[in-house]
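Below is one structure, written out as structure tokens, with a few remarks after it.
Convention: sequence-line order gives letters A, B, ...; per-chain numbering from 1. Atoms considered below: every heavy atom in the structure, side chains included; atoms not considered: hydrogens, waters and symmetry mates. Bear in mind the structure is a predicted one, so any value in this text is a computation, not a measurement.
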Amino acid sequence: MQSLWWQLFDILGTVAFALSGALVAVLRRMDIFGIFVLAAATAVGGGIVRDLILGRIPPAFFQNSMYFWLIIATMGVTIFFLRYMDTHRRHRLMHASINLYLFCDAIGLGSFTVTGTLLGCYMFPHYWVLCISLGLITAVGGGIIRDVLAGRIPATLIQDVYATASFIGAVVLYVLYIPLGQAADVASIICFAVTVGVRLLAIRYHWNLPRVKRRKRGQRF
Amino acid sequence: MQSLWWQLFDILGTVAFALSGALVAVLRRMDIFGIFVLAAATAVGGGIVRDLILGRIPPAFFQNSMYFWLIIATMGVTIFFLRYMDTHRRHRLMHASINLYLFCDAIGLGSFTVTGTLLGCYMFPHYWVLCISLGLITAVGGGIIRDVLAGRIPATLIQDVYATASFIGAVVLYVLYIPLGQAADVASIICFAVTVGVRLLAIRYHWNLPRVKRRKRGQRF
Amino acid sequence: MQSLWWQLFDILGTVAFALSGALVAVLRRMDIFGIFVLAAATAVGGGIVRDLILGRIPPAFFQNSMYFWLIIATMGVTIFFLRYMDTHRRHRLMHASINLYLFCDAIGLGSFTVTGTLLGCYMFPHYWVLCISLGLITAVGGGIIRDVLAGRIPATLIQDVYATASFIGAVVLYVLYIPLGQAADVASIICFAVTVGVRLLAIRYHWNLPRVKRRKRGQRF
């Protein structure tokens, strides 16, 4: 789990999540402290909640300064990019980088789903509600905290197949690893591929989960 | 505490709380993942915070899949009800079921107040601030998380005698059980009756707690 | 750390923070339960999160009823003040007391920064990310929870040199205490003086942290 590849995925995910936090903070006209808090909350908030639920004291983020520097670096690049590019070049760059961002974000979603679910499977293999919840919380908890701090309803609760990709991946990992007894590595890779795949397909084809529709126009609930 | 009756009350409360979360999510136009998160947060959010404060790892919700299935079932019935009833029949049914809902919700409030306060009394009998806070947090914490996720100010902070009913019940249980040395069963039943009673009377007579009033019309604070 | 002076600072900070929570609650037209919850969340919310991260079960607030009574007393005085003063006298009193309030708040910020950072240094001296985060969380976490419950974007993320004062103080304490090996008392006093000093200067000279500015008028981000 701590192999070089997972560490790379972890770093990609942290950077992508920190970037999304920083962008939301800038849109809300926060100052640089606010930008840091939102970047950090998005990137490591889910992992901190996971560690509190598992009683891992202190949470991993606080033990390893690498995450701190990743967040600071992401924040610095984001601010530089937004501040010093002229409008025209910025728009072109943003269009070029939006796909890169969505790709990194999907990588992060997959990576965090694997680490969260796997940690649950190691510590409490018989509690499937726990293991799958941990995958979800690690992957989407940070984004929910980001949106609450930014004063908006968490995006993942309203639209998009985002948390659902993580949920499907977590179920796949749990089922392969515990009841079917596959090796952790195999189950992890399949979970990662499923999560990232579902997420990228959802972006490509604009998938949305169903909502409860009103049956008639103008009808009040 | 784990007798058949308490389990029944626990189930009734979980269902009523999950229903209130699902309804708020539908009103906010969330997708089905959002509906599940709000239903779960309302039903078990308070209990998870209680368990984190007491260091119970992992929190009870994650150990017992019953709560998960109760939330899924409640959600399914709610969505079916809102989606497939025609408007006229739905309105009649809603009027018929609103009283049932308020009754179940009051049962849940009472039941969660008892389990939260009692758990505190077992583990840390000398910390009355802790025991009473745990009763309150277990009973109303989920509703507060629901409202924060739905982007509104928590209803229980603004109006209604809701948290207050739980607070009175928790104080009654603590005083009867620890300083007065009554049996846990007796104290629990009285706490439950007081909480549910105060809540139902508050609904019936539209009680509200006082606010700080402005003395003159048009006067700015 | 638990000497008489620190206890005095702790009390001043708790009162100032409870006051700010109560005022926000009144502005949002909350009832007296809401006023209590916001006062308590502001005064002890940061400390509770700090204790959960450090695994201190149960958190300090729940063990010592002093904080509870301080919050109740602050709340009572605030409500009395807002309710029974006539407008003219109230406005004069408010102008007279706003400086006192800002001063107490700065004292609280400094005091909570010291206790949070120092606790981290005692328990996990080698994790600097943890120690500095704990100082920040203890000092500004309560205010962030207050603003989330009040349905607004946390003020400290948007404007003002507030969290930054706490951050600078926490870095100073950590550097003096762990790498430079100074006595805890000396490091604490310097941290306290730096935090309070930066905060008071920021109030006096209306300091704000930079934001990401748009380069042209009317340019959309």
Side-chain angles (χ1 to χ4, degrees), chain B residues 48-57 119-120 123-137 140-141 143-145 147-168 202 207-221, chain C residues 21-41 44 48-49 51-69 71-72 75-76 78-91 94 145-152:
Chain B
I48 291 175
V49 174
R50 175 200 63 204
D51 288 351
L52 290 180
I53 288 173
L54 287 173
R56 297 173 85 214
I57 303 297
L119 204 59
M123 295 181 68
F124 299 98
H126 299 303
Y127 298 147
W128 60 268
V129 173
L130 176 70
C131 298
I132 293 166
S133 300
L134 287 176
L136 256 177
I137 289 168
V140 308
I144 290 177
I145 297 172
D147 289 347
V148 166
L149 289 177
R152 61 183 204 183
I153 298 180
T156 192
L157 303 181
I158 295 181
Q159 59 188 7
D160 234 343
V161 172
Y162 188 84
T164 312
S166 165
F167 175 75
I168 294 170
W207 287 347
N208 272 303
L209 287 182
R211 295 177 201 176
V212 176
K213 277 172 204 134
R214 300 172 181 166
R215 291 196 58 199
K216 288 180 197 165
R217 227 166 260 269
Q219 168 192 323
R220 300 292 303 278
F221 167 62
Chain C
L23 288 174
V24 170
V26 169
L27 279 170
R28 294 285 157 139
R29 321 249 337 108
M30 292 185 178
D31 63 22
I32 57 167
F33 176 75
I35 298 173
F36 173 74
V37 169
L38 252 73
V44 299
I48 291 174
V49 174
D51 288 351
L52 291 180
I53 287 174
L54 287 173
R56 298 171 86 215
I57 302 297
F61 162 66
F62 297 116
Q63 298 188 26
N64 187 339
S65 56
M66 184 193 73
Y67 298 106
F68 177 80
W69 294 119
I71 293 162
I72 292 287
M75 198 180 129
T78 309
I79 291 174
F80 177 86
F81 175 76
L82 293 173
R83 181 80 183 79
Y84 290 105
M85 296 286 149
D86 68 61
T87 319
H88 184 248
R89 193 182 292 169
R90 193 164 76 190
H91 276 194
M94 281 183 74
I145 297 172
R146 172 198 66 204
D147 288 348
V148 166
L149 290 178
R152 62 183 202 183

* Got C:Phe62 and B:Leu134 here, is their nearest side-chain heavy-atom distance under 4.5 Å? -> no
* Residue B:Ile153 versus chain C: region with a heavy atom under 4.5 Å -> both
* Among B:Val140, B:Ile132, B:Val161, which one satisfies side chain to side chain contact (heavy atoms under 4.5 Å, CB included) with B:Phe167? -> B:Ile132
* Region of B:Ile144 in contact with chain C, defined by heavy-atom distances below 4.5 Å -> side chain
* If you round to the nearest 0.5 Å, how far is CZ of C:Arg146 from CG of C:Leu23? -> 9.5 Å
* Interface moiety of C:Leu149 toward chain B, non-hydrogen atoms closer than 4.5 Å -> both
* At a heavy-atom separation under 4.5 Å, does C:Phe61 approach chain B through its side chain, its backbone, both, or neither? -> both
* Do B:Thr164 and C:Ile32 come close enough that some side-chain heavy atom pair is under 4.5 Å? -> no
* Asked: What about the rings of C:Phe68 and C:Phe36, do their centers lie closer together than 6.0 Å?
  -> yes
* Looking at B:Tyr162, B:Tyr127, B:Trp128, which has the largest count of heavy-atom pairs under 4.5 Å with chain C? -> B:Tyr127
